Amino acid sequence: MSYTRRRRCMTTWVATAYRTHTLGQIQEEGADLIGQVVTVAGFMEANRGKGAICFVDLRDGTGTTQIFLKGDNVGDEALDLVQRMTRESTLQFTGTVSQKRPPKAKEGEPTPPPAYEVVAASVVVIARAEAPLPLGVTDTVHVALDTRLDNRFLDLRRAHVNAMFRLRGKVLQYGREALISEGFFETHTPKIVATATEGGTDLFPMMYFETPAFLNQSPQLFKQLCMSGGLERVFEVGPAFRAEKHDTYRHLNEFISFDIETSWANDDDVMGVLERMIHHIWKSVASDTACVAHIDTINKYRASQEEEAIEVIVPELPFPRLSYCDAIATIKAKGGSIEWGDDIDAENSDLLAEDLPQFYFLPRWPMELKPFYIHHVEGEMGSTGKQLSRGFDLNFGRDELTSGGQREHRIDVLIENLKGMDLDPEEFEFYVAGFRHGVPPHAGWGLGVERILMKLTGAKNVRETVLFPRDRRRVSP
RNA sequence: GCCCGCUUGGUGUAGAGGUUAUCAUGCAGGAUUGUCAUUCCUGCGACCCGGGUUCAAUUCCCGGAGUGGGCGCCA
């Protein structure tokens, strides 16, 4: 078995039953491969030539390479077959690597770097694509999001969409990397639960055999039980389900939450964890050649749509902090309509974003706006004399990416909080029980993966960043 | 849940109370070409559904369905 190392991102590709080399390898290692017989496979982006020769643009997950076919080499029958092949058909070629003849260089233009092609000796049609395609993979026409999602399998073949999901994988990878380096380990909490986590939000009901149950809206309470169990530093990347009938660019009914919880820490401590993690993600993406190539692919598409290029700006540490009280004062100074104790709505968030267009924390919200599990320090009062909490948000411009805080570890206060918010402690017995034998002071947060990806990739709709989004109207595919 | 828009070939659009319904992309056929956003020629393909107004509705009105955006709420 031969192992070949890709230079660009140091990935080891092992030859498989269907190909000896990837198309990316043909381009990157072409100089060393000249004269070598290879088998490659992929989707046919285009074919040119109706005479005695034919050119195929073949694409796989690593790149695109031209296949050159000549009747003399492959036979007239195979040549005719390929010439009549539909776009996006799945083909496999065996042939010899050679240097491409350079395109006719126009006067005064620099000669392009050498490129490589495969001179085909044989072809196998693995699958002929039906025509017409429900959406063009390489067409320059704009395609509506709904059409794209109905035909997501084809939409994903488009270079910039493919790049988005490769970036998504990288963001998760670097996020995990940052947390693991600080002593966190990955865990999982149940998604089928008997009780609402926080009250307030709508849940998807389901039957668990003969017992009514729900899809979980958040790992919150279970993360906290991990603290009671002495796990100290956990994180989870998993789905959260919310049955809210919203219809916006930033909401989904199923989304992936990047959650952490840590013992012996307060809200300030976990804000530090969060900003260091985001910093690591941004910094890594900016210096990873594969990521840079994905960003470049997205920018090429954006240019074709006359959209501004995106730029990965590594944020400086620490992120700005604007306390709730200061935020209210700022909004009022800018003429926004708000009173202490109000949530900060979209219009007022826009006012804050004027001065803070990127990442910033909003710490110390009023206790009355936060859920029962959020901790407060007696005597920390807001400008109108009401109790503040140790809850915070992380925003990027107008959009909320994270909410988190120090949790209430004192069982008597916790029970008072539940009662004060019209929740029945009996219903939360599974949770309250975890506090009877002592829980370390602890804190954590939940980050919306789709939302942070929107900020990284410039996507204007959260659906862009999910393979098969679940929204108010869409449950298939 | 509230408010506002939109629905024309496979895809994305232009447009008007009476048109041969526009353009791009695509598809089919042909010519040319070591091509490379190929080029050129010919052809194919559409007005969301129901009701109303009208001599005439794809166009105006009402209802429905689908869909896009904003808001609330949140991640």
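Order of the sequence lines fixes the chain letters, A, B, ..., with proteins taken first and strands second; residue numbering starts at 1 for each chain. Please read these numbers as outputs of a predicted model, since none were measured by experiment.
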Every protein N/O within reach of nucleotides 6-11 of chain B N/O, cut-off under 3.5 Å:
| residue | atom | partner | partner atom | Å |
| --- | --- | --- | --- | --- |
| B:G10 | O2' | A:L133 | O | 3.4 |

For B:C3 and B:C60, measure between their C1' atoms and round to the nearest Å. 24 Å

Closest of B:U38, B:G34, B:C74 to the A:R451 side chain is B:C74

By side chain to side chain contact (heavy atoms under 4.5 Å, CB included) - contacts of A:A129 (at least two apart): A:T86, A:E88, A:S89

Which heavy atom of A:T457 sits nearest a heavy atom of A:I298, and at what distance? O-CG2, 4.2 Å

Per-residue pairing states of RNA chain B in dot-bracket (Watson-Crick or G-U under 3.5 Å; . unpaired, | other strand) read (((((((..(((.....[....)))((((((.......))))))...(((((..]....))))))))))))....

To the nearest angstrom, the CD1-C1' distance between A:I260 and B:A75 comes to 15 Å

Do we see a donor-acceptor contact under 3.5 Å between the side chains of A:N299 and A:D296? no

Considering only the C1' atoms, how many Å lie between B:G70 and B:C61, rounded to the nearest integer? 27 Å

Could you check how far CG of A:D342 sits from C1' of B:C73, rounded to whole Å? 14 Å

Considering only residues two or more places apart or on different chains, which pairs with a residue in residues 445-455 of chain A satisfy salt bridge (Lys or Arg N to Asp or Glu O under 4.0 Å)? A:R168-A:E450, A:D399-A:K455

Name the orientation class of the two ring planes belonging to A:F319 and A:F359 (parallel below 30°, tilted from 30 to 60°, perpendicular beyond 60°). parallel

To the nearest angstrom, how far is A:R158 atom CZ from B:U25 atom P? 17 Å

Should A:T402 be listed as having a side-chain N or O under 4.0 Å from OP1 or OP2 of B:A75? no

Flag, side chain of A:R59 to backbone of A:T64, donor-acceptor distance under 3.5 Å: no

On RNA chain B, compare the nucleotides closest to A:F255 and A:R463; which residue's is nearer the 5' end? A:R463

Write down the protein N/O and nucleotide N/O pairs, taken from nucleotides 64-67 of chain B, whose separation is under 3.5 Å; answer none if there are no such pairs.
| residue | atom | partner | partner atom | Å |
| --- | --- | --- | --- | --- |
| B:U67 | OP2 | A:R473 | NE | 3.4 |

What is the separation between atom NZ on A:K70 and atom C1' on B:U33, rounded to the nearest whole Å? 14 Å

With centres under 5.5 Å and planes under 30°, do A:F55 and B:G34 count as stacked? no

Please, which pairs that meet side chain to side chain donor-acceptor pair (under 3.5 Å) have at least one residue in residues 71-82 of chain A, sequence neighbours excluded? A:D80-A:R84

Please determine if A:E244 and A:R472 form a salt bridge, counting it only when a charged side-chain N lies under 4.0 Å from a carboxylate O. no

In whole Å, what is the span from the CG atom of A:N461 to the C1' atom of B:G69? 10 Å

Quick note, ring pair (Phe, Tyr, Trp, His ring centres under 6.0 Å) partners involving residues 64-94 of chain A, not counting sequence neighbours, are A:F55-A:F68

C1' atom, B:U67 versus B:C48: distance in rounded Å? 11 Å

Could you check how far CG of A:D57 sits from P of B:G34, rounded to whole Å? 17 Å

How is A:D393 classified with respect to the nucleic acid when contacts are heavy atoms under 4.0 Å: base, sugar-phosphate, or nothing? nothing

When all nucleic acid strands are considered with a 4.0 Å heavy-atom cut-off, which category describes A:E117: base, sugar-phosphate, or nothing? base

According to salt bridge (Lys or Arg N to Asp or Glu O under 4.0 Å), does anything in residues 138-147 of chain A pair up with another residue at least two apart or in another chain? List the pairs. A:R87-A:D139, A:D146-A:R474

Can a donor-acceptor pair be found, under 3.5 Å and without considering hydrogens, that links the side chain of A:W445 to the backbone of A:V270? yes

What does the list of N/O pairs under 3.5 Å between the protein and nucleotides 70-72 of chain B look like, with a distance for each?
| residue | atom | partner | partner atom | Å |
| --- | --- | --- | --- | --- |
| B:C71 | OP1 | A:R398 | NH2 | 2.8 |
| B:G72 | OP1 | A:A346 | N | 2.9 |

Salt bridge or not between A:K191 and A:E236? Use side-chain N to carboxylate O under 4.0 Å. yes

Show me the donor-acceptor pairs, under 3.5 Å and distance only, between side chains in residues 254-262 of chain A and residues at least two apart or in other chains.
| residue | atom | partner | partner atom | Å |
| --- | --- | --- | --- | --- |
| A:S257 | OG | A:D259 | OD1 | 2.4 |
| A:D259 | OD2 | A:K223 | NZ | 2.6 |
| A:E261 | OE1 | A:K223 | NZ | 3.3 |
| A:E261 | OE1 | A:R407 | NE | 3.4 |
| A:E261 | OE1 | A:R407 | NH2 | 3.1 |
| A:E261 | OE2 | A:R407 | NE | 2.8 |
| A:T262 | OG1 | A:E232 | O | 3.4 |
| A:T262 | OG1 | A:R233 | NE | 3.0 |

Using the P atom on both, measure B:U19 against B:G34 and round to a whole Å. 49 Å

Return each pair, listed once, that meets ring pair (Phe, Tyr, Trp, His ring centres under 6.0 Å) where at least one residue sits in residues 447-477 of chain A; pairs must be two or more places apart or across chains. none

Stretch residues 83-93 of chain A: residues that reach within less than 4.0 Å of RNA chain B through a heavy atom: A:R84, A:R87

Between CD of A:E244 and P of B:C2 the distance, given in whole Å, is 16 Å

Please report, rounded to the nearest Å, how far the P atom of B:C73 is from the CG atom of A:L203. 18 Å

Within the supplied structure, the quantity of interest is the number of heavy atoms (other residues, nucleotides, ligands) at a distance under 6.0 Å from A:Q305 CD; does it exceed 12? yes

